[in-house]
Amino acid sequence: MTAFQSTLLRLLDERGYIHQMTDAGALDALAAKQIVPGYVGFDATAPSLHVGNLVSIMLLRRMQQAGHKPIVLMGGGTSKVGDPSFKDEARKLLGEEVILGNIASIRRIFERFLTFGDGPTDAVLVNNADWLDKLEYLPFLRDIGQYFSVNRMLGFDSVKLRLDREQSLSFLEFNYMILQGYDFLELSRRFGCRLQMGGSDQWGNIVNGVDLARRADQTEVFAVTTPLITNADGSKMGKTVSGAVWLHEDQLPHHDYWQFWRNTDDRDVGNRLRIFTDLPIDEIVRLEALQGAEINQAKIVLANAATAMCRGQDAATLAADTARKTFEEGAGGGALPTFAVRQAINIVDALIGLGFCASKGEARRLIAGGGARVDGEKVANELLTITMAGHPIRVSAGKKHHGLLTPT
């Protein structure tokens, strides 16, 4: 790790948040001597954020923990356009009422992770529609457009991906990166914002804003991006058989959220504890060093901590208790049926083996109707193979029938 002098960059570095930075030395010096307002932008395209957004939310939490000011920027304006970054096609355009409803719903999530208020390090939530809706086209082209190079914009990976695949990229979407850069300029002027953070896929858009502030106002602002969070097998974190892992409980039950973290691969436990919990580093080092079946203790700690932060301590306790009872009853041979599996098994065979279905046709119909779950995740594909990982795996048929696949 680099020997940073500021609490902020030391904290981000030791917990694995830093992938790219602009002028790390100058940002480090600034953060060491004053409160730095920094922001992350979020779309308002759904009523809830999901686990894929959680790294950025935790960045803002770390800022506040280090004594700086988090700015949550909701894209009430840019959500009307749609971010083309690494998308295969244009997003569906949303109406203003839907966007405002989504922003109100999403705010509840941030209130669990950040302290809002009027103090120097209290978080604020702002909507970029406040300035984007008021822009006049010709003055904007004249005053802001002059600072953007189309040649450079065409070279950004987010744009090249669409063009290389010969997929349509509308002029509407192409403007998104200009609007995002302008957001940084406006936040710099209105709030003294000096830092934009986000995922590595946003690097080009963020650097646009850094350059715009320097050219338009001669203001030095900075960028920090996080690495893409992947699972040990190379897959993207948060992608499950049942789709997105939503942060709102009305879109994903507490137990399923808890179980998502409990199902973390052994090799990913340390990384997830560093990024998604507030546990001290010394304790994380101890937990990630556990071997064999003992690593499950670390996964339970992770699930409890991550769920408590997002859903509240009562939800974490209830989810953990539900999981414990489910597995203990099955392990004790009392309430739940069990089926011994050597290495791996197809979901259809698992449903039959546990006695939930009498035939493969019945099992396929159950899956097609959305009634089959593996460790709380809805099964969408009858070809799903369940791989045993040294501990029981819960299989459910509907809401009332549960069983355990046990390793032999």
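- For Glu220, the salt bridge (Lys or Arg N to Asp or Glu O under 4.0 Å) criterion is met by no residue, not counting sequence neighbours.
- Here the shortest heavy-atom pairing between Tyr257 and Trp246 reads CD1-O, 3.7 Å.
- For residues 56-79, there are no ring pair (Phe, Tyr, Trp, His ring centres under 6.0 Å) pairs, not counting sequence neighbours.
- Contact record, Leu247 with Val51: CD2-N, 3.9 Å, taken as the closest heavy-atom pair.
- The line from OG1 of Thr226 to OH of Tyr17 is 9.5 Å long, rounded to the nearest 0.5 Å.
- The minimum heavy-atom distance between Gln180 and Tyr39, with the atom names listed, is O-OH, 3.9 Å.
- Residues Thr78 and Asp183 bring no donor and acceptor atom of their side chains to less than 3.5 Å of each other.
- Glu14 and Arg10 are not joined by a salt bridge, as no carboxylate oxygen comes within less than 4.0 angstrom of a charged side-chain nitrogen.
- Qualifying side-chain contact (heavy atoms from CB on, under 4.5 Å) partners for Ser396, counting only residues two or more places apart in sequence or in other chains: Arg373, Arg394, His402.
- Between Trp261 and Phe276, the ring centre distance stays below 6.0 Å.
- Within the 4.5 Å cutoff, the side chain of Leu59 has no heavy atoms near those of the Met63 side chain.
- Two residues are said to be in side-chain contact when any heavy atoms from C-beta on lie closer than 4.5 Å; Arg152 and Val207 meet this criterion.
- One finds a salt bridge joining Glu249 and Arg112 here, because a Lys/Arg side-chain nitrogen approaches an Asp/Glu carboxylate oxygen to under 4.0 Å.
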Let me have the donor-acceptor pairs involving side chains of residues 340-351, under 3.5 Å, with sequence neighbours excluded, atom names and distances please.
unit_1: Asn346; atom_1: OD1; unit_2: Val348; atom_2: N; d: 2.8
unit_1: Asn346; atom_1: ND2; unit_2: Glu382; atom_2: O; d: 3.1
unit_1: Asn346; atom_1: ND2; unit_2: Leu384; atom_2: O; d: 3.4

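- Shown here are the side-chain hydrogen bond (donor to acceptor under 3.5 Å, both in side chains) partners of Thr115, two or more places apart in sequence or in another chain: there are none.
- Atom-to-atom distance recorded for Leu185:CG and Asp217:CG is 5.0 Å, nearest 0.5 angstrom.
- Sorted by first and then second residue, the salt bridge (Lys or Arg N to Asp or Glu O under 4.0 Å) pairs involving residues 50-65 (not counting sequence neighbours) are Arg61-Asp278, Arg62-Asp278.
- For the pair Glu111 and Arg108, the salt-bridge criterion is not met [side-chain N within less than 4.0 Å of a carboxylate O].
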